[in-house]
K.L.:
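Here it is: the structure, laid out below.
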Amino acid sequence: MPDNTFYITTPIYYSNDEPHIGHSYTTILADVLARYHRSIGQDVFFLTGLDEHGQKVQQAAESRNITPQEHCDDMAPKWKTLWEKLHIQFDDFIRTTEPRHQEVVKNILTKVMDAGDIYMDEYGGHYCVGCERFYTEKELEGEKCPQHGKELEFITEKNYFFKMSKYQEALIGYINKNPGFIQPEHRKNEILGFLRQPLDDLCISRPKNRLSWGVELPFDSDYVTYVWFDALLNYVTAPGYLGNTEDFEKWWPQAVHLIGKDILMTHAVYWPTMLMSAGIPLPKKIFAHGWWLLGESKMSKSLGNVVDPLKLIDEYGVDPVRYYLMREMVPGQDSSFTVESFIKRYNSDLANDFGNLLSRVTNLMHKYFEGKIPDWGESTPAEDKMRENAESTTYIVNELMKSMRINEAIEETMQFIRSVNKYLEKQAPWTLIKEDQSSAGRVLITASESLRIGAKLLQPIMPNRTKTLLDTFGTGNAELGWGQMKPGNTLKKHNQLFPRIEIRKNFES
Ligand code: MSP
């Protein structure tokens, strides 16, 4: 049942890069979505991996005096370790040097060739090694690469070209007919704007005498495949394009590609036209998120100001890092990363509102109910309101998660948590207990149940700490809906969920 399946991808990262907070963001976002879709009972396939061919890898290996394959084999575990540390539960980790992928690249190239969409031509252009692509005059800023600001070399050579221009009209038609294909809206408009100009054909080969580290063209052994033509195909390799047809047909139509805004052109123009030529249907959605800036400036390896996610995790824990990245970025816009804003967000949302609520209810239950969950009792309008509130929050959060508005889903949940704190404050079970133990019990179980639901809603974002919370109440496996708290259950001991952090040092120094 296609409606019950969800296929999510991250870009495949250049294997020789140092993983930073930008890569971590996309991968966490994919993981949050994958966990959410699993939690609502969907069949999920979550793919990430590494882009291992191309000039940058070849150069990096040369500078280390090892083969490119050795270099890639050395780098891959670094990425996997980071994803493990960030609690990323991917279903497949693809590396473009794997035989299963190289076979697909050759197969598709043959198909595109057979469709009459590949020709040879002499080409001159400004080439950027950093971007691994040629820039046309109109794309350049002076003689410089618009991404890297570096002066570019003019290179002339014979190469193979993909007739991308042949599919320009079909692509425009497709984008117009499928308004959700490129998101957010302003990115779609950017692509449609770009497509108003005649589309150039795409150079898809590199002569081996310049670059040998790539997938050899099936029709000319003097050339390897252009790294983007190779890399994009990972998205069809993994779900079984040449393997299991049934699997491929199940996953592929549901594909959602998460990407950064800098690789929109390759995904929204190169990729769909390649698929059209190969006779493969287009993915369901391409979602381009914004960039993490370091304060006000761009984060990049060459500027030497990348935030190391491992350092952040060691310092503050995985779940808070996941929470911050998901809460702070408005999808589609840029966001500024600062340690100060991280600590502020942590202290206000996680320590004060969320963690404190757990300590308050459990302390009171230990004090007045021998560490056991009290009875529900007779509910009053105040409890009915909490329940209604929990149900409407659940509904809204579900809608927001489905449309990938994670930051808003988090904010809705936190507003709900704040309303539970207010309920507790107003009902004051610490005063009630003096005259009416059962009313105090009713308030505590209601607040705990509400908190439990809040934790369930935050589970895809913070799987670990929410588990501690759910286990405290003995509700680790309970459903989301209201009324799962079991009176008489003994509370499990827990450490403070989110101890406050004091601003003591500057992380970057
Ligand atoms: N290998 C290509 C992708 C091929 S996909 C078929 C590539 N790799 S990358 O490692 O350079 O970048 C991968 C992703 O990281 C991109 O989506 C990019 O937007 C993202 N980010 C890199 N720096 C970033 C930030 N500072 N902030 C957010 N995302 C950033 O491109």
Side-chain angles (χ1 to χ4, degrees), residues 18-22 24-25 28 32 82 85-87 292-297 299 304-330 334-367 406-407 409-422 424-425 430 447-448 451 454-455 457-472 491-509:
E18 284 300 323
H20 62 58
I21 207 80
S24 306
Y25 168 74
I28 294 170
V32 167
L82 171 64
K85 284 209 161 186
L86 282 168
H87 300 147
W292 281 96
L293 307 174
L294 193 66
E296 299 296 311
S297 38
M299 203 184 295
N305 64 351
V306 293
V307 176
D308 179 353
L310 288 174
K311 236 168 136 183
L312 261 189
I313 303 168
D314 289 345
E315 192 110 346
Y316 304 110
V318 182
D319 279 4
V321 171
R322 291 172 61 109
Y323 179 85
Y324 171 81
L325 294 178
M326 292 301 108
R327 171 64 187 82
E328 218 67 12
M329 169 121 17
V330 178
D334 287 349
S335 244
S336 158
F337 179 94
T338 65
V339 175
E340 286 72 19
S341 72
F342 173 85
I343 295 180
K344 223 170 132 196
R345 179 61 76 190
Y346 175 103
N347 281 340
S348 68
D349 290 12
L350 299 180
N352 286 2
D353 293 340
F354 191 55
N356 238 356
L357 181 56
L358 176 67
S359 307
R360 286 174 92 188
V361 293
T362 56
N363 286 343
L364 289 165
M365 288 187 200
H366 280 296
K367 197 162 170 193
I406 316 270
N407 63 319
I410 294 176
E411 188 42 35
E412 277 295 324
T413 311
M414 290 318 294
Q415 269 181 32
F416 172 62
I417 299 286
R418 286 191 281 271
S419 80
V420 186
N421 273 312
K422 279 195 197 121
L424 200 62
E425 212 50 60
W430 46 89
S448 305
L451 174 59
L457 296 175
L458 292 172
Q459 209 169 18
I461 295 138
M462 298 191 288
N464 268 27
R465 309 266 176 124
T466 51
K467 183 171 186 310
T468 306
L469 187 149
L470 297 172
D471 288 345
T472 301
L491 296 176
K492 213 171 131 192
K493 287 247 172 301
H494 65 91
N495 291 330
Q496 209 177 339
L497 208 54
F498 297 103
R500 259 190 93 76
I501 321 176
E502 302 309 327
I503 300 189
R504 10 184 189 108
K505 61 174 183 182
N506 188 344
F507 181 76
E508 294 120 55
S509 63

K.L.:
Report yes if the side chains of Y324 and L312 come closer than 4.5 Å at any heavy-atom pair, otherwise no.
P.N.:
no
K.L.:
Can you tell if the side chain of L364 reaches within under 4.5 Å of the side chain of W430, non-hydrogen atoms only?
P.N.:
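The answer is yes, as the side chains (C-beta and beyond) meet within the 4.5 Å cut-off.
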K.L.:
Side chains of L325 and W292: does their closest heavy-atom pair fall under 4.5 Å?
P.N.:
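Result yes, sub-4.5 Å side-chain heavy-atom pair found.
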K.L.:
Report yes if some heavy atom in the side chain of I417 is under 4.5 Å from a heavy atom in the side chain of L357; otherwise report no.
P.N.:
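Counting from C-beta outward, I417 and L357 do come under 4.5 Å.
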K.L.:
Can you find a pair of side-chain heavy atoms, one from I461 and one from R327, that are under 4.5 Å apart?
P.N.:
no
K.L.:
Could you check whether Y316 and Y346 have their ring centres less than 6.0 Å apart?
P.N.:
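Centroid separation for Y346 and Y316: 6.0 Å or greater.
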K.L.:
For I501 and F342: C-alpha separation, side-chain torsions, deciding distance, then whether side-chain contact (heavy atoms from CB on, under 4.5 Å) applies.
P.N.:
CA-CA 10 Å; I501 321 176; F342 173 85; 4.3 Å; yes
K.L.:
Taking all atoms of both residues into account, what is the closest heavy-atom pair of I28 and M326, and its distance?
P.N.:
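Heavy-atom minimum between the residues: CG2-CE, 3.7 Å.
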K.L.:
For L458 and R465, run side-chain contact (heavy atoms from CB on, under 4.5 Å): C-alpha distance rounded to whole Å, both residues' side-chain angles, the deciding distance at 0.1 Å, then the answer.
P.N.:
CA-CA 10 Å; L458 292 172; R465 309 266 176 124; over 6 Å; no
K.L.:
Please evaluate residues N352 and F498 with respect to the criterion side-chain contact (heavy atoms from CB on, under 4.5 Å), reporting the C-alpha separation (whole Å), side-chain torsions for both, the decisive distance (0.1 Å), and the verdict.
P.N.:
CA-CA 8 Å; N352 286 2; F498 297 103; over 6 Å; no
K.L.:
State, yes or no, whether a side-chain contact exists between H366 and K493 at a heavy-atom distance under 4.5 Å.
P.N.:
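Result yes, sub-4.5 Å side-chain heavy-atom pair found.
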K.L.:
Closer than 4.0 angstrom, basic N to acidic O: yes or no for R418 and E411?
P.N.:
yes
K.L.:
So which heavy atom on L457 is nearest to which on P460, and how close?
P.N.:
O-CD, 3.5 Å
